[in-house]
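Encoded as structure tokens, the structure appears first; notes follow it.
Naming convention: chains lettered A, B, ... in sequence-line order (proteins, then strands); numbering from 1 in each chain.
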There are 2 protein chains.
Amino acid sequence: MRSHINSSAPLAHEVLAAVLQVRSATLRVLLWRRALDPHVGRWSLPGGRLRPDEDVETSIRRQLAEKVDVRQLKHVEQLAVFSAPDRVPGPRVVATAFLGLVPSDVDPEIPEDTRWHEVDALPRTAFDHREIIIGARDRLRAKLSYTNVGFALAPREFTVSALRELYSAALGYKVSATNLQRVLSRRGLLAPTGHTAPPGRSGGRPAALFSFTGNGIQVTDPFAVFRPPPKRSRK
Amino acid sequence: MRSHINSSAPLAHEVLAAVLQVRSATLRVLLWRRALDPHVGRWSLPGGRLRPDEDVETSIRRQLAEKVDVRQLKHVEQLAVFSAPDRVPGPRVVATAFLGLVPSDVDPEIPEDTRWHEVDALPRTAFDHREIIIGARDRLRAKLSYTNVGFALAPREFTVSALRELYSAALGYKVSATNLQRVLSRRGLLAPTGHTAPPGRSGGRPAALFSFTGNGIQVTDPFAVFRPPPKRSRK
DNA sequence: CCAAAAGTGTTAATTGTACACCCATGC
DNA sequence: GCATGGGTGTACAATTAACACTTTTGG
């Protein structure tokens, strides 16, 4: 009763990922069309059953490897557990949902039954997958403002205006290139590469190319208020 | 293979909660001492097996009802899934971890084998429970600065200095009562009740009593930067 | 009247926003 | 040279942190 470990009831556990990418100034998600019985023909998130010898992150990375080259996945993080008893027909399946991010310049080979869909114009989706996608979008939006996740949406080198397009598409409203550059620079996230991008056929000054400093996600603005007392090191 | 539902492998799923409360200017967590074989005698988080007919939040609330009156739990939220194959001895058990918050003025009846422990001075804990507790603490700390979760740590009515103690204990450093009141007031979270608390035996001006406005958690400072353009409604 | 605790006002510093202006290129 | 984007400088606004000062109580 108070036993900690009790595996008497079989219980299926699946992992699902909302893989997001910005392309053509829109935020899109990778979906595949179900070929099997429950909700045939609807679009659903890639994923599948958790194997007994892997943890959930290993599992989702393994399963995504069928759809997207894993090395192209710049960021993966847990979103939440979805466990409503009726979330899928038949016996209950608990799902651990993930957010995955792919840089805008990669164009992964995707299987026949798989397609990118605009997050703000989703087709009919299977089960509770729409909710998961919206959750992923909202998590991304929130984290863009206080972490450096933006790096996972951008190519290795990029112009500030390209970055502005990425942020605008992900956030859903235009951000100013001026201030984007200023804020990211102040936080020490942008490194000039010294290279420049040639202007388009209509002219214009060549844009400087930047890259993100560091690798991996980090929180860059942890406390909006109630900050801990400063360490008194920098003037 | 690509089958969405496949429950061939039995898989145990448990729910665990780090229930936090501030008392005597310290943040503490509710733990019970294991009576059974793996890790006997170590302190572990309350929780237990997920039943097939309940979702994870229903489950953790049900199981906590044995330890803490559910009505005293002012806030419950999912933390993360812990799924390392070797996180517990024997067959793998996937755990969904929760953060729970109890106001500082309630003193729940707790069972014999259960005790509060200071989060910053934890005893030897079972399995990966220490990691879960630290995760819960960090989540609380982060959310204190950009949401109104503070309400879940505070009594219904409180003085600003009592609130200051709560925030200081949870965050791990002193916050100023002056600025705490100012920030929360600006965000419209504090409502004066009109009542006052009598001063202590050493004198001092009587403190005004406040309550939190609204109920339930809400994000009060969603964007640190890259805010959407204002609606141009308020001057 | 003095100490103690609460509450208010003022100021400084930081950070984000808006906007004007200059720069480099294609045609 | 002019249109077109890119980049910088400056001013402004909002918010937080720091601290001095006033208020109200007990002894």
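In terms of the salt bridge (charged side-chain N to carboxylate O under 4.0 Å, His left out) criterion, residue partners of Asp128(A) (sequence neighbours excluded) are, by chain and number, Arg87(A). For Arg62(A), the salt bridge (charged side-chain N to carboxylate O under 4.0 Å, His left out) partners at least two apart in sequence or on another chain are Glu54(A). The side chain to side chain contact (heavy atoms under 4.5 Å, CB included) check on Ala154(B) picks up Phe158(B), Leu163(B), Leu166(B), Phe212(B), with sequence neighbours excluded. Applying the side-chain hydrogen bond (donor to acceptor under 3.5 Å, both in side chains) criterion to Lys143(A), with sequence neighbours excluded, gives Glu77(A). Residues forming a salt bridge (charged side-chain N to carboxylate O under 4.0 Å, His left out) with Asp138(B) (at least two apart in sequence, or on another chain): none. Shown here are the salt bridge (charged side-chain N to carboxylate O under 4.0 Å, His left out) partners of Arg28(B), two or more places apart in sequence or in another chain: there are none. Every residue was checked against the ring pair (Phe, Tyr, Trp, His ring centres under 6.0 Å) condition with Phe210(A), not counting sequence neighbours, and none meets it.
When the nearest nucleotides of DNA chain D are assigned to Pro206(B) and Asp221(B) by heavy-atom distance, the more 5′-ward of the two goes with Asp221(B). Positionally, the nearest nucleotide of DNA chain C for Arg227(A) lies more toward the 5' end than for the other of Pro199(A) and Arg227(A).
Between Phe226(B) atom CZ and dG16(C) atom C1' there is a gap of 10 Å when expressed in whole angstrom units. In this structure, His195(A) places its NE2 atom 19 Å from P of dA24(C), rounding to the nearest Å. The separation between Phe210(B) atom CZ and dT8(C) atom C1' is 12 Å, rounded to whole Å.
Of all the residues in residues 140-168 of chain A, not one reaches under 4.0 Å from DNA chain C with any non-hydrogen atom. Residues of residues 176-194 of chain B having a heavy atom closer than 4.0 Å to DNA chain C, listed by number: Thr178(B), Gln181(B), Arg182(B).
No donor-acceptor pair closer than 3.5 Å links the side chain of Glu57(B) to the backbone N or O of Val76(B).
Screening Leu180(B), Asn179(B), Thr178(B) for a side-chain contact (heavy atoms from CB on, under 4.5 Å) with Arg164(B), the sole residue that qualifies is Leu180(B).
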Find every protein N or O atom lying less than 3.5 Å from an N or O atom of nucleotides 2-4 of chain D, and list the pairs.
from: dT4(D); atom 1: O2; to: Gly204(A); atom 2: N; distance (Å): 3.0

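Residue pairs satisfying the side-chain hydrogen bond (donor to acceptor under 3.5 Å, both in side chains) criterion with at least one member in residues 144-161 of chain A, sequence neighbours excluded, are listed as follows: Glu157(A)-His195(A), Thr159(A)-Ser161(A). Sorted by first then second residue, the side-chain hydrogen bond (donor to acceptor under 3.5 Å, both in side chains) pairs that include residues 185-194 of chain A, not counting sequence neighbours, are Arg187(A)-Thr220(A), Arg187(A)-Asp221(A).
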